[in-house]
Amino acid sequence: MAEEQVLVIPEGRLSLLGNFSGFRPFCAEAFAALLDPQYMEFRPRSTVEEDPTFKQLIPYVMLQADVDGSTHVFQYQRGKGQGEKRLHSLRSVGVGGHISKEDASGEDLYRSGMLRELGEEITIGSAYTEDLVGFIYDDTSPVGRVHLGVVHRLKLETPDAGGRESELVDSGFRPLTDLKAKLDELETWSQLCITHLF
């Protein structure tokens, strides 16, 4: 099988977001500049996973719903078959993954990739609204230094969503209060989302 070619931007483009590590609120102007085709390219995943001079753009989609008046968030545990071995067994509130070369056939390759990843990983049986709410860059870990997360938040009318992949273990909605009480069980990006968005 041919190796996956993933979307990357040069490290210098991070300056569009200002110097930050952690979570930064969404900025439409900066996002549009990040997606300037002049600076985007596809590279073999194996070469960029250890190369921080390129940042892989990752849509990171959170699902939330109100249940009996309290906020619940979709979460799951990453199985060992998921692509990023450095995140195995951690809990996550974000669904998504790499934008790959196959997504370039659509008019908007970023959105095509985001929707493909969402459709591969979960089913959603509820109407929802969508907002772009932030960026995540974590330069404190090897996996964080090669990825730039774009955080989407889907507010579902009902908590009707489930994991499609067997690698999304123990998936479902949990009360936000429970997730806040067990932040140390979450991967870093999820900790940042729970801390900054709620």
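Positions are given from 1 along the sequence.
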Exactly one of R45, H98, R43 clears side-chain hydrogen bond (donor to acceptor under 3.5 Å, both in side chains) with Q56, and that residue is H98
Would you say that E3 contacts S46 through its side chain, given a criterion of any heavy-atom pair below 4.5 Å between the two side chains? yes
In terms of relative ring orientation, are Y110 and F31 parallel, tilted or perpendicular, with 30° and 60° separating the classes? perpendicular
Is the backbone of R145 close enough, under 3.5 Å, to the side chain of K55 for a donor and an acceptor to pair up by distance? yes
First locate atom CG of L7, then atom NZ of K101, and finally report the distance between them rounded to the nearest 0.5 Å. 11.5 Å
For a quick test of reading the model, state the closest non-hydrogen atom pair linking S190 to G94 and the distance between them. OG-N, 4.0 Å
Shared hydrophobic cluster for L90 and Y60 (ILVMFWY, side-chain gaps under 4.5 Å): no
Hey, are E185 and R174 close enough for a salt bridge, meaning a charged N less than 4.0 Å from a carboxylate O? no
Looking at every non-hydrogen atom in both residues, tell me the closest pair between A30 and L17 and how far apart they are. CB-CD2, 3.6 Å
Between OG on residue S171 and CD on residue Q75, distance to nearest 0.5 Å: 7.5 Å
Following the transitive rule for hydrophobic clusters with a side-chain heavy-atom cut-off under 4.5 Å over Ile, Leu, Val, Met, Phe, Trp and Tyr, establish whether I122 and M62 coincide in one cluster. no
Any salt bridge linking D131 with K155? Criterion: basic side-chain nitrogen under 4.0 Å from a carboxylate oxygen. no
Counting neighbours of CG on D184 that are heavy atoms of other residues, nucleotides or ligands and sit closer than 6.0 Å, is the number greater than 12? yes
Within the structure provided, determine whether D36 and R13 are in side-chain contact (heavy-atom separation under 4.5 Å). yes
Could you go through the side-chain hydrogen bond (donor to acceptor under 3.5 Å, both in side chains) check for T71 and Q64 one step at a time? CA-CA 7 Å; T71 300; Q64 73 177 71; 4.8 Å; no
Treating Q77 as the side-chain partner and V169 as the backbone partner, does any N or O pair qualify as donor plus acceptor under 3.5 Å? no
Side chain to side chain contact (heavy atoms under 4.5 Å, CB included), that's the test. Do V151 and F23 meet it? Break it down for me. CA-CA 10 Å; V151 185; F23 186 93; 4.2 Å; yes
Parallel, tilted or perpendicular: ring planes of W189 versus H147, cut at 30 and 60 degrees: perpendicular
What do you reckon, are the aromatic ring centroids of F135 and F26 less than 6.0 Å apart? yes
Minimum heavy-atom separation for E121 and G96, please, with both atom names. OE2-O, 3.2 Å
Does T195 use its side chain to pair, donor to acceptor, with the backbone of L192 at less than 3.5 Å? no
N-O pairing of E120 and R164 below 4.0 Å: no
Is the centre of the H72 ring less than 6.0 Å from the centre of the F173 ring? no
Validation row: F54, T47 side chains within 4.5 angstrom (heavy atoms): no
In one Ile/Leu/Val/Met/Phe/Trp/Tyr side-chain cluster, 4.5 Å: V8, Y39: no
Would you say V93 ends up clustered with V61 if hydrophobic residues are merged whenever their side chains have heavy atoms under 4.5 Å apart, either directly or through other cluster members? no
Point-to-point distance, once rounded to the nearest 0.5 Å, from OH of Y137 to CZ of R24: 15.0 Å
Within the structure provided, determine whether V146 and V48 are in side-chain contact (heavy-atom separation under 4.5 Å). no
Please give me the minimum heavy-atom distance between L63 and A161, naming the atom from each residue. CD2-CB, 3.7 Å
Does some side-chain heavy atom of L109 sit less than 4.5 Å from a side-chain heavy atom of M40? yes
Find out whether P44 and Q5 are in side-chain contact, i.e. whether some heavy atom of one side chain is under 4.5 Å from a heavy atom of the other. yes
Could you report the tightest heavy-atom contact between G97 and P59, atom names first, then the distance? O-CD, 3.0 Å
If you look at every heavy atom in E4 and S100, which pair is closest and at what distance? OE2-CB, 3.5 Å
With clusters defined by side-chain heavy atoms of hydrophobic residues (ILVMFWY) lying less than 4.5 Å apart, directly or transitively, does L197 cluster with V150? no
Give, for atom CD1 of I99 and atom CE of M114, the distance between the pair rounded to the nearest 0.5 Å. 8.5 Å
Nearest 0.5 Å, what's the CG-CG distance between L148 and L14? 5.5 Å
Run the side chain to side chain contact (heavy atoms under 4.5 Å, CB included) test on V73 and F198 for me, step by step, so that the C-alpha distance in whole Å, both residues' side-chain angles and the decisive distance to 0.1 Å come before the verdict. CA-CA 11 Å; V73 178; F198 298 99; 4.0 Å; yes
Taking the side chain as everything from C-beta on, heavy atoms only, tell me whether I136 gets closer than 4.5 Å to T188. no
Could you tell me the separation between the CZ atom of R91 and the CG atom of D170, rounded to the nearest 0.5 Å? 4.5 Å
S126 side chain to P159 main-chain N or O, any donor-acceptor pair under 3.5 Å? no
